[in-house]
Amino acid sequence: MQGVLSAKVVLVMYGDYQDPKSADVYKLIKDIKRELNASSGEDYLCFVFRHFPQAQIHPHAQRAAQVAEAAAAQGKFWLMHDTLFTHQQNLENGYLVEYANDLGLDIPQFLKELSKHAHIDRIHKDIEGGIHSGVTTAPALFINNIRYAGRWRMTELMATIVAANHYLNQ
């Protein structure tokens with residue numbers, strides 16, 4: 001989570017690290033966050049990422065989600081998160097260890113957690129939550145608990161986020 005849950009707008013994204021559209025939507029959200037933080041302050045938007053690996057079409061997505069959570073255990077979730085989306089063409093095990101090393105993670109701890117699937121329950125919880133909310137594919141966005149059904153464009157998504165805040169304040 002980036003931001004505080006008491007923010008005016010809570011944006012939840014269900015994503016898959018191997019999915020190009022998830023990467024595009026995440027880049028869009030980063031731009032929107034940057035713009036909103038500059039114009040409206042840090043407490044305007046809370047961004048929550050939830051794992052929704054689509055293993056049937058993206059064979060490395062589940063492992064990448066585990067890697068993100070192993071990085072989270074060492075306080076580096078968002079750095080790994082950005083790295084995985086940036087390098088989504090290279091998510092095989094060797095690359096994943098390289099990314100962990102580049103981020104300064106404790107590699108023995110990292111490898112131990114991966115081999116024991118220490119974070120798989122967390123990922124399954126995200127998937128189950130998504131399915132419960134009607135998510136069938138990534139990416140999926142919810143703005144203040146309402147599924148976003150608009151286009152994946154800066155202007156439309158920004159307008160929906162701003163409208164969600166105004167709706168709350170009526």
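No experiment lies behind these values; they were computed from the predicted model shown.
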ring-ring contact (aromatic ring centres under 6.0 Å, His included): which pairs involve residues 59-81, sequence neighbours left out? Tyr17-His81, Tyr26-His81, Phe47-Trp78, Phe49-His81, Phe77-His81, Trp78-His81, His81-Phe85
May I ask you to test the Arg147-Ser133 pair for a side-chain heavy-atom distance under 4.5 Å? no
Whether the side chain of Gln54 engages the backbone of Ala138 through a donor-acceptor N/O pair (distance < 3.5 Å, no angle test) should be reported. yes
Going by the salt bridge (Lys or Arg N to Asp or Glu O under 4.0 Å) test, which pairs reach into residues 12-21, not counting sequence neighbours? none
Can you name the residues that form a salt bridge (charged side-chain N to carboxylate O under 4.0 Å, His left out) with Asp31, not counting sequence neighbours? Arg34
Considering non-hydrogen atoms only, spot the tightest contact between Pro20 and His58 and give its length. CD-NE2, 4.5 Å
d(Ile29 CD1, Asp24 CG) to nearest 0.5 Å is 11.0 Å
Heavy-atom pair of closest approach, residues Glu113 and Ala70: OE1-CA, 3.6 Å
Can you sort out the partners of Asp106 under salt bridge (charged side-chain N to carboxylate O under 4.0 Å, His left out), two or more places apart, ordered by chain and number? none
With a cut-off of 3.5 Å and sequence neighbours excluded, list every side-chain donor-acceptor pair involving residues 92-99.
unit_1	atom_1	unit_2	atom_2	d
Asn93	OD1	Arg63	NE	3.1
Tyr99	OH	Asn90	O	2.8

Please find the pair of heavy atoms, one from Met13 and one from Pro139, that lie closest to each other, and give the distance. CE-CB, 4.1 Å
Closer than 3.5 angstrom, by distance alone: can the side chain of Ser40 be matched with the main-chain N or O of Asn37 as a donor-acceptor pair? no
One should read off an interatomic distance between Asp82 CG and Lys27 NZ, to the nearest 0.5 angstrom, of 10.5 Å
Connecting only ILVMFWY residues whose side-chain heavy atoms lie within less than 4.5 Å of each other, what is the rest of Val4's hydrophobic cluster? none
For Gln88, what residues pass the side chain to side chain donor-acceptor pair (under 3.5 Å) criterion, not counting sequence neighbours? none
In this structure, CZ of Phe110 is separated from CD of Gln66 (nearest 0.5 Å) by 9.5 Å
Where at least one partner belongs to residues 132-143, residue pairs that pass salt bridge (Lys or Arg N to Asp or Glu O under 4.0 Å), sequence neighbours excluded: none
Output the distance between atom CD (Gln74) and atom CG (Leu105), rounded to the nearest 0.5 Å. 4.5 Å
Would Leu114 and Ile107 show up in the same hydrophobic cluster when neighbours are defined by side-chain heavy atoms closer than 4.5 Å? yes
For Ile131, which fellow cluster members are found when Ile, Leu, Val, Met, Phe, Trp and Tyr are connected by side-chain heavy-atom distances below 4.5 angstrom, either directly or through intermediates? Met1, Leu5, Val10, Val12, Tyr14, Val48, Phe52, Ile123, Ile127, Val135, Phe142
Which atom pairs, one a donor and one an acceptor, fall under 3.5 Å between side chains of residues 151-158 and the rest of the protein, sequence neighbours left out?
unit_1	atom_1	unit_2	atom_2	d
Glu156	OE1	Arg151	N	3.3

Rounded to the nearest 0.5 Å, the CD1 atom of Ile161 sits from the CG atom of Leu45 at a distance of 5.5 Å
Of all heavy-atom pairs linking Gln62 and Pro53, the shortest is OE1-CG, 3.4 Å
Considering residues at least two apart in sequence or located in another chain, which fulfil the side-chain contact (heavy atoms from CB on, under 4.5 Å) criterion with Ala55? none
Could you tell me which non-hydrogen atom of Cys46 sits nearest to which non-hydrogen atom of Gly3, and how far apart they are? SG-C, 4.1 Å
Just how far is it from atom CD of Gln18 to atom CG of Leu84, taken to the nearest 0.5 Å? 10.5 Å
Which atom of Ala65 lies closest to which atom of His51, heavy atoms considered: CB-ND1, 3.5 Å
Residue pairs passing the salt bridge (Lys or Arg N to Asp or Glu O under 4.0 Å) test where at least one lies in residues 117-126, sequence neighbours excluded: Glu69-Arg122, Arg122-Asp126
